[in-house]
Amino acid sequence: MRKVSEIVEFCQELCEDLTFAAAREWKDAEPGRKVVGYMPVYVPRELIHAGGMLPLGILGGGDNLEVIHGDAYYQSYICRIPRSTVELAVTKRLDFVDGMLFPSICDVIRNLSGMWKMMFPEVYTRYFDVPQNYKDEIGGNYYEHELMELKQGLEGVCGRKIGDDDLRRSIAVYNENRRLVNAVYDFRTREPWKAPSWEVYLLIRAGMVLPVEAHSQLIEEYLAAAEAEDRPMRDNCRIILQGSFCEQPPLNLIKSIELAGCYIVDDDYMLVTRWLLEDVPSDGDPIRNLAQAFIKHSTETAAKYEPDGARKGKYLVDAVRTRAAEGVIFAAPSFCDPALAGRNIRRHHQTVG
Amino acid sequence: MSTATERDEVVKEPSMLKQKEMIADNYDRLTRAQELGLKVSSTYVPGNLNELVMCFDMLNNLPEINAIQNGMRKKSGGLIMDAEKMGHSEDVCTYVKADIGNMAKGAIAPNGKPMPVPDLLLLSYTGCFTFMKWFELLRDQYGCRTVMLHVPYEGDGKITQNMRDYVVKQLKEEVIPTFEEVSGVKFDIDRLREYLRKSAEAEDNFVWVLESAKSKPSPIDAYFGGVFYIGPIFTAFRGTDDAVEYYEILRKEIEGRLAAGEGPVTPEGDMSEEKYRLVVEGPPNWTSFRDFWKMFYDEGAVVVASTYTKVGGVYDYDGFRHDPDKPLESLADYCLGCYTNRNLPTRVDMIESYIDQYEADGFLVNSIKSCNSFSAGQLMMMREVEKRTGKPAAFIETDLVDPRYFSPANVKNRLESYFQMIEQKRRGGGPPARAA
């Protein structure tokens with residue numbers, strides 16, 4: 001069994017590798033394999049996986065990438081994730097990616113989908129819209145059709161039909177992965193000294209580039225190793241970090257917060273791994289099940305409309321209670337409209353809650 | 001007709017006087033809503049459902065129009081700073097902050113009277129994610145009923161039946177029942193049809209006015225003048241007799257200008273010589289609107305087509321009209337088809353067609369800090385349009401209603417250099433060859 005430090009080192013290498021070597025290796029291992037990239041905040045990765053393809057989370061270039069070409073595409077007042085993603089693409093770091101999905105999160109990512117269509121007409125590119133209405137017959141019905149359209153598009157990429165059984169199997173695999181991710185978060189809540197957030201971050205981030213089965217195995221390995229390791233408990237305060245659901249923070253920011261005396265007991269990094277709050281049934285109509293899971297049991301974030309004003313921000317109040325947090329740090333990236341425009345409401349609800 | 005050099009005061013044509021009267025009357029009714037026993041719905045310009053709102057005898061209040069009004073009256077700067085002091089980020093849309101700042105000061109309308117608290121927030125928005133956040137803030141502030149109409153984005157450049165069905169279903173099962181409850185008025189689809197018929201009538205004349213700019217010289221400025229022409233059709237007047245009348249008056253005026261071979265009316269009179277014909281992408285700056293416009297007409301630059309005048313509905317490019325025979329479907333198509341709800345490749349196609357059809361000399365982007373919906377991707381759009389048309393393009397940066405982001409000297413410099421660039425291209429032997 002690997003030690004925690006070895007697992008974390010492996011994850012850090014994956015995180016810092018701007019060539020996406022792991023995903024390239026996966027693709028090259030068998031002829032005909034395809035890779036489909038996706039941006040934050042949520043896409044149903046089960047559909048990609050069911051087509052035998054690798055879902056690849058693209059979170060921009062991070063702080064290790066010098067953006068040169070990307071700046072020619074964006075004005076100074078637009079956030080960094082699209083410009084560093086363009087940088088990755090024009091420097092051919094994403095030249096092995098066969099499809100790109102741009103989820104409904106903000107106007108910048110939305111418009112990037114159109115840019116991608118113009119820049120890479122040979123790549124399957126889709127703006128992936130999700131309903132802001134959560135009634136079965138309205139938003140649910142619309143979303144099922146959208147999922148069907150996405151499935152058809154992905155079938156064009158992988159070159160075969162994606163059957164219901166394929167999809168049911170993938171749903172089960174991702175249910176397991178979500179359970180494990182949640183187990184890591186719960187473990188950190190219970191014993192944050194044993195699972196520092198910079199480690200947890202790297203561990204979950206590895207799931208952006210690894211096949212889901214390998215990621216699940218990695219999490220199990222980490223949980224066992226971290227549990228076994230003896231680490232001192234410190235007199236740190238327990239905080240929740242909010243606002244980085246799209247562009248991810250530099251690793252050193254997380255480390256700095258921890259070094260400053262905080263245990264980060266919850267966050268909104270890489271929400272795609274925890275977007276669905278309950279297992280998706282792995283029997284019955286898989287498309288309907290995915291649609292229902294989204295409209296009935298998905299997490300709240302700034303990119304999602306909450307019809308009940310009284311419930312707005314409640315998730316954060318609840319998280320403070322369930323995670324026994326002592327404070328919340330709002331750390332949104334510059335120029336992030338969804339995070340910054342909603343910050344005052346969440347802060348207000350947090351204070352009164 | 002007098003010229004810009006002959007008189008300094010703002011020229012008022014009959015259509016302008018008519019619109020001024022309509023706006024004053026609308027603000028008067030809004031600020032006296034309680035006294036008049038009228039209920040108020042707040043909603044947005046892009047994808048606004050004015051005809052539907054009127055079916056319930058309710059008034060339509062548009063927060064971004066209030067922000068524009070405060071911008072043009074030079075009040076928005078202070079309001080934005082007030083909002084920032086309340087904790088709103090510098091990076092957030094300035095329409096939102098101007099509105100929040102205004103609310104904190106009692107939500108004063110342009111007539112100096114306080115705006116009513118809305119009875120309903122109709123979160124009907126198209127092509128702008130920030131609108132959703134804005135209404136969450138308003139909902140939090142007012143605590144009034146809210147109904148959402150989610151309009152999907154045309155990611156693949158077309159309206160699918162699924163999108164249309166989704167919007168229609170929301171109208172039938174969410175929006176209309178909520179309006180009935182709030183207003184106490186039963187929905188009458190024939191009433192909606194009648195309003196839509198009037199909308200289409202006005203839209204025909206509106207499009208005629210926009211397309212008059214194909215003439216040389218253009219009798220209109222389709223950007224600076226255009227923002228006045230879109231006033232009634234984009235706001236609380238679409239579907240009314242007033243709007244029908246306004247566009248009839250406007251059309252007659254433009255017909256007269258065309259017959260006389262006259263150029264556009266500017267705030268300083270008629271523009272004497274048309275030197276440059278431009279297509280402009282992006283909203284204008286409102287805090288220095290007149291100074292900004294002057295930088296164009298002083299140089300003989302006329303905007304013959306603009307994308308901003310399509311933000312509240314695209315009526316020219318693919319011929320959309322509100323259709324009384326398909327009332328709800330037509331409202332859905334209207335919402336789905338607004339300019340910023342169309343994907344970037346479609347926007348580029350549209351601009352290219354304007355440059356061709358209006359025989360423009362160049363393409364200018366006014367990139368707005370506050371508006372990612374418009375701005376994200378504009379640099380690439382500019383390069384693509386330049387490549388396809390061979391026409392020189394230029395890029396300037398300003399903001400909607402935050403005066404801190406309007407730098408007159410920089411903008412003027414850029415524009416003057418740009419006009420020189422167009423001249424140089426001309427001296428180089430006529431229009432450059434089209435890119436393959």
Side-chain angles (χ1 to χ4, degrees), chain A residues 72-79 82 86 102 104-115 117-119 125-129 131-133 135 137-139 141-146 148-149 302-307 309 312 332 334-345 347-349, chain B residues 86-93 96 100 123 127-130 132-134 136-137 139-140 143 146 148-150 152-157 160-163 165-166 169-170 173-174 340 342-348 367 369-381 383-384 395 397 405:
Chain A
Y73 288 79
Y74 287 105
Q75 302 89 313
S76 55
Y77 51 79
I78 288 174
C79 60
V86 166
F102 296 88
S104 164
I105 179 167
C106 70
D107 296 325
V108 173
I109 299 296
R110 185 197 71 183
N111 287 6
L112 182 56
S113 68
M115 291 172 69
K117 277 178 187 286
M118 290 195 280
M119 291 165 76
T125 299
R126 184 174 174 87
Y127 172 73
F128 179 65
D129 217 343
Q132 302 283 6
N133 175 296
K135 291 191 176 160
E137 291 308 309
I138 307 176
N141 204 14
Y142 162 74
Y143 189 49
E144 277 185 47
H145 280 90
E146 287 298 301
M148 286 303 291
E149 278 184 30
K304 202 175 140 194
Y305 179 63
E306 168 52 64
K312 187 76 197 167
S334 299
F335 309 115
C336 177
D337 251 7
L340 293 169
R343 187 178 63 185
N344 263 25
I345 294 183
R347 191 161 53 193
H348 169 71
H349 283 260
Chain B
M86 289 154 65
H88 292 276
S89 165
E90 274 186 31
D91 295 348
V92 166
C93 167
V96 178
I100 300 279
L123 186 35
C128 169
F129 220 89
T130 302
M132 189 170 87
K133 310 312 298 174
W134 187 350
E136 280 177 355
L137 291 163
R139 178 178 67 179
D140 210 47
T146 305
M148 151 74 101
L149 176 70
H150 174 219
Y153 181 65
E154 284 189 33
D156 288 332
T160 65
Q161 193 56 41
N162 187 39
M163 293 175 184
D165 290 347
Y166 176 48
K169 218 166 203 176
Q170 290 178 82
E173 296 177 28
E174 301 272 12
T340 52
R342 299 181 181 226
N343 73 357
L344 258 61
T346 309
R347 284 168 60 179
V348 169
S367 185
K369 175 187 175 284
S370 274
C371 188
N372 285 341
S373 179
F374 258 106
S375 304
Q378 280 177 330
L379 282 163
M380 188 177 177
M381 287 170 71
R383 286 196 293 269
E384 188 67 22
F395 203 86
E397 291 178 275
Y405 296 101

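Not measured: the values here are computed from a predicted model. In what follows, chains are A, B, ... by sequence order, proteins preceding strands, each numbered from 1.
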At a 4.5 Å cut-off on heavy atoms, which part of B:Glu154 comes close to chain A: side chain, backbone, both, or neither?
neither
Heavy-atom cut-off 4.5 Å, strictly under: side chain, backbone, both or neither for A:Pro307 against chain B?
backbone
Residue part contacting chain B, namely of A:Glu149, when any heavy atom lies under 4.5 Å:
side chain
Would you say B:Lys133's side chain and A:Ala302's backbone share a donor-acceptor pair under 3.5 angstrom?
yes
For B:Ser375, is there any backbone N or O sitting under 3.5 Å from a side-chain donor or acceptor partner on A:Gln75?
yes
Please rank B:Gly143, B:Pro152, B:Gly377 by heavy-atom pairs under 4.5 Å with chain A and give me the top one.
B:Pro152
Residue selection (most heavy-atom pairs with chain A, distance under 4.5 Å) from B:Asp165, B:Thr160, B:Leu149, B:Thr130
B:Thr130
Sequence-distant partners of B:Arg347, salt bridge (charged side-chain N to carboxylate O under 4.0 Å, His left out), two or more places apart:
B:Glu281
Separation of A:Glu306 CD from B:Arg139 CZ (nearest 0.5 Å)
6.5 Å
Taking side chain as everything from C-beta outward and backbone as N, CA, C, O, which of these in B:Thr346 sits under 4.5 Å from a heavy atom of chain A? Side chain, backbone, both or neither.
neither
Tell me whether the rings of B:Tyr153 and A:Tyr127 are parallel (<30°), tilted (30 to 60°) or perpendicular (>60°).
perpendicular
A:Asn111 vs B:Gln378 side-chain heavy atoms within contact, under 4.5 Å:
no
Could you check whether any side-chain heavy atom of B:Cys128 comes within less than 4.5 Å of a side-chain heavy atom of A:Asp107, counting everything from C-beta outward?
yes
Could you tell me if the side chain of A:Tyr77 sits less than 4.5 Å from the side chain of B:Ser370, heavy atoms only?
no
For chain A, which of B:Lys369, B:Glu384, B:Glu397 has the most heavy-atom pairs under 4.5 Å?
B:Lys369
Report which part of B:Asn162 has an atom under 4.5 Å of a heavy atom belonging to chain A: side chain, backbone, both, or neither.
both
Close side-chain approach of A:Asp129 and B:His150, heavy atoms under 4.5 Å:
yes
Charged N-O contact under 4.0 Å between B:Glu174 and A:Lys135
yes
Any B:Glu173 side-chain heavy atom under 4.5 Å of A:Ile138 side chain
yes
B:Cys371, part contacting chain A, at a heavy-atom distance under 4.5 Å:
neither
Side chains of B:Tyr166 and A:Asn133 in contact at under 4.5 Å (non-hydrogen atoms)
yes
How far does CG of B:Asn343 sit from NZ of A:Lys117, to the nearest 0.5 angstrom?
6.5 Å
What residues, two or more places apart in sequence or in another chain, satisfy side-chain contact (heavy atoms from CB on, under 4.5 Å) together with A:Ala332?
A:Ala339, A:Leu340
So for A:Leu112, is it side chain, backbone, both, or neither that comes closer than 4.5 Å to the heavy atoms of chain B?
neither
Side chains of A:Pro338 and B:Met132: does their closest heavy-atom pair fall under 4.5 Å?
no
Validation row: B:Arg383, A:Tyr73 side chains within 4.5 angstrom (heavy atoms):
yes
